[in-house]
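Here the structure is laid out as structure tokens; the discussion comes afterwards.
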Amino acid sequence: MIDNLLFLAAPITVSIILAGILSYLGNHILTRGIIFVDIAVAQIAALGTMIGLLLGFAEESANVKMISYIFTIAVISIFALTKFKKQVISQEAIIGIIYCLALGTAMLLAERIPGGSNFISKTITGNLLWVTWKSVLSCLIMFILIGIIHVIFRRHFIKISDSKNGLPYSLWKTRAYELLFYITFSMVIVKAVPIGGVFFVFTLLIAPAAAATLFTDSWKKRLIWSWIIGITGAIAGMYLSFTMNISNAPAIVTLLGLIVFLFAFIKLATKRIVSHNLSKEKGS
Amino acid sequence: MTGLEFMFAPLVASLLLIFITVYFGIHVIEREIIFIDIALAQIAALGSAVSLVIKNISGEAAGHDHDSRTLLAYLFCVGAAFLFTILKNKKIRIPLEAVIGIAYAVATTSAVIILDKGAGSDVHIHDMLTGSILWVTWPQIIRLSVVVVLTGGFHYIFRERFRKVTLSYHGVDTGLKNPKLWDFIFYMTFGIVIVEAVNIGGILTIFAFLIIPSSISALFAKRWTTRILIGFLVGGISTLLGLYLSWNMDIPCSPAIILFLGAGLLVAVGLRAINKLFSHQRQSR
């Protein structure tokens with residue numbers, strides 16, 4: 001048992017760290033309604049890697065990583081700049097289009113790289129179980145730095161996320177904050193996806209924030225609850241995967257996802273009972 | 001001229017697909033449920049996976065029993081339609097797109113768990129990403145056209161109701177009776193179209209057909225008929241060019257079509273910007 005715990009210590013630690021930063025970012029993503037942004041970012045990063053390989057650099061080399069980062073930041077900047085006063089095409093639709101074009105280009109390029117199609121599906125799985133302490137540490141440092149930026153600018157980020165129609169600041173000031181937000185966001189995603197896989201990251205972003213949003217509106221409460229749900233879900237999923245002998249990232253994803261549906265139905269049921277009782281009282 | 005004959009079936013299939021997806025695309029864009037086609041395709045794939053497992057447990061010979069697989073795929077789609085209809089509720093404050101996203105993630109990973117494949121990438125729908133529109137057969141086209149005519153006709157007859165349901169997503173009170181029922185019917189028919197369309201065109205092409213033409217048309221028009229016409233025109237031209245390019249240069253056709261659609265979007269954005277500039281000048285004079 002002790003051996004197993006030691007073996008699982010690094011994956012559990014990294015899950016907790018990821019749950020910490022992703023549950024926070026998820027509240028922004030959910031409030032903005034740009035749900036699939038992380039899948040798009042992961043796809044853009046994969047395309048960046050392929051471009052690096054096509055330029056003749058070796059796989060896993062620092063150059064390829066650099067190119068992937070720069071490419072991702074460049075594309076996500078376009079996305080930040082498509083924020084308008086009157087949004088004709090919604091941001092989620094722009095994400096869809098960017099995702100679609102990135103994937104289409106990746107499929108064209110895949111023909112020119114040996115084993116190229118692997119890079120398209122590579123983002124799906126991740127390697128949660130084999131994460132090293134070294135990468136746990138580098139995750140922690142990077143996320144703390146990004147976390148500090150977000151703490152400093154928290155008011156502005158929340159203000160922009162909350163404004164559904166129109167902009168809280170002048171157009172270019174809003175876009176500057178957007179740029180900062182999306183660059184830090186995509187750095188987290190590019191770092192997290194190779195570790196947990198794209199669905200793991202997606203679920204840790206959306207599911208805890210969604211479960212929290214079901215019950216409260218305030219940012220503070222949502223944040224605290226999504227941390228609680230995210231971290232408990234990650235640990236419980238890890239435990240389940242260990243006892244039931246299924247792979248860990250899918251276990252966490254399924255658990256957290258089902259929790260959201262369960263909570264949603266509970267919420268609907270309780271409301272119905274309450275309103276039912278109310279109408280009964282009125283009737284009598 | 002054998003080349004042209006060879007391209008005839010893909011072209012007919014693409015036009016049929018564009019016709020129905022451009023219409024549904026406007027609903028999708030207006031409702032902001034952009035990634036629903038990927039989610040529904042994955043949920044249908046989960047249905048197929050479950051049918052495989054059931055077959056294994058009941059010990060039947062592993063034949064190509066296509067019917068039960070399609071049946072379960074459809075059943076899962078109906079389940080998803082039910083879920084989306086119920087959870088589109090003011091009391092549930094999370095956007096429907098988030099519900100769709102979670103359903104997508106859960107469908108993918110539970111397929112991984114069910115089929116017990118640790119790596120997982122091989123159960124993901126990435127296999128059917130591109131589709132094989134170049135190899136479409138005439139029986140497939142006939143089947144597709146039946147689906148298109150039936151759902152298209154149904155939606156044409158009840159177009160006002162479906163439009164009202166979509167409008168109600170913006171919080172507009174439309175005074176429609178039984179909105180939940182029509183919402184459910186919408187997702188069910190949409191699910192059927194997606195399953196059939198993805199079988200032929202692949203997920204990515206259908207995804208592009210759904211969102212890009214209707215995004216382009218949103219730049220220029222508000223009326224649905226105009227939007228459908230613009231979308232159909234842009235989609236049709238991009239598909240023609242894409243198929244031609246893929247035939248001539250021997251590249252996969254689905255990325256080619258998507259890139260032309262993307263180029264069309266860029267041109268449209270440019271046109272709109274020029275248009276705005278001119279009307280601005282006229283106003284300032």
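FYI, side chains are in, hydrogens and waters are out, and symmetry mates aren't considered; it's all heavy atoms of this structure. In what follows, chains carry the letters A, B, and so on, assigned in the order in which the sequence lines appear, proteins first and then strands, with residues in each chain numbered from 1.
For chain B, the option among A/G33, A/A210, A/G104, A/G96 with the highest count of heavy-atom pairs below 4.5 Å is A/G96. For chain A, the option among B/I251, B/I212, B/I29, B/L219 with the highest count of heavy-atom pairs below 4.5 Å is B/L219. The greatest number of non-hydrogen atom pairs below 4.5 Å with chain B, out of A/T216, A/L255, A/I39, is found for A/T216. Comparing A/T213, A/T203, A/L256 by heavy-atom pairs within less than 4.5 Å of chain B, the highest count is held by A/T213. Interface remark: of the candidates A/F261, A/F202, A/F265, A/F261 forms the most heavy-atom pairs closer than 4.5 Å to chain B. Among A/G257, A/A209, A/A207, the residue with the largest count of heavy-atom pairs under 4.5 Å with chain B is A/G257. Between chain A and the residues B/A218, B/A107, B/A208, B/A98, the most heavy-atom pairs under 4.5 angstrom are made by B/A98.
The aromatic rings of B/F84 and B/Y187 lie perpendicular to each other, with more than 60° between the two planes, well past the 30° mark. Ring geometry, A/W219 versus A/H28: the interplanar angle falls from 30° to 60°, so the pair is classed tilted. In this structure, B/Y23 and B/H27 have perpendicular ring planes: the angle between them is above 60°, well past the 30° mark.
Residue contact with chain A, scored on non-hydrogen atoms closer than 4.5 Å, involves the backbone and the side chain of B/V99 alike. Heavy atoms closer than 4.5 Å to chain A are found in both the backbone and the side chain of B/A103. Only the side chain of B/L83 has a heavy atom closer than 4.5 Å to any heavy atom of chain A. Contact of A/V253 with chain B is made through backbone and side chain together, with heavy-atom distances under 4.5 Å. Contacts of B/L210 with chain A are absent, with no heavy-atom separation under 4.5 Å from either backbone or side chain. Within the 4.5 angstrom heavy-atom criterion, atoms from both the backbone and the side chain of B/E97 approach chain A. For a residue to count as touching a neighbouring chain, one of its non-hydrogen atoms must lie under 4.5 Å from one of that chain's; by this rule A/I89 touches chain B with the side chain only. Using a 4.5 Å cut-off between heavy atoms, B/I258 touches chain A through backbone and side chain atoms alike.
The residues B/R93 and A/D217 are annotated as salt-bridged, a charged nitrogen and a carboxylate oxygen being separated by less than 4.0 angstrom.
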Could you go through A/S226 and A/N27, starting from their C-alpha distance and side-chain angles, then the distance that decides it, and tell me whether this counts as side-chain hydrogen bond (donor to acceptor under 3.5 Å, both in side chains)?
CA-CA 8 Å; A/S226 39; A/N27 276 300; 3.0 Å; yes

Check step by step if side-chain hydrogen bond (donor to acceptor under 3.5 Å, both in side chains) holds for A/N248 and A/Y239.
CA-CA 8 Å; A/N248 41 22; A/Y239 177 77; over 6 Å; no

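A side-chain N or O of B/T166 and one of B/R31 form a donor-acceptor pair less than 3.5 Å apart.
Within 6.0 Å of CG in B/N248 there are more than 12 heavy atoms belonging to other residues, nucleotides or ligands.
Only one option out of B/V193, B/I100, B/I194 pairs with B/L40 in a side-chain contact (heavy atoms from CB on, under 4.5 Å); it is B/I194.
Between the OG1 atom in B/T108 and the CG atom in B/L46 there is a gap of 8.5 Å [rounded to 0.5 Å].
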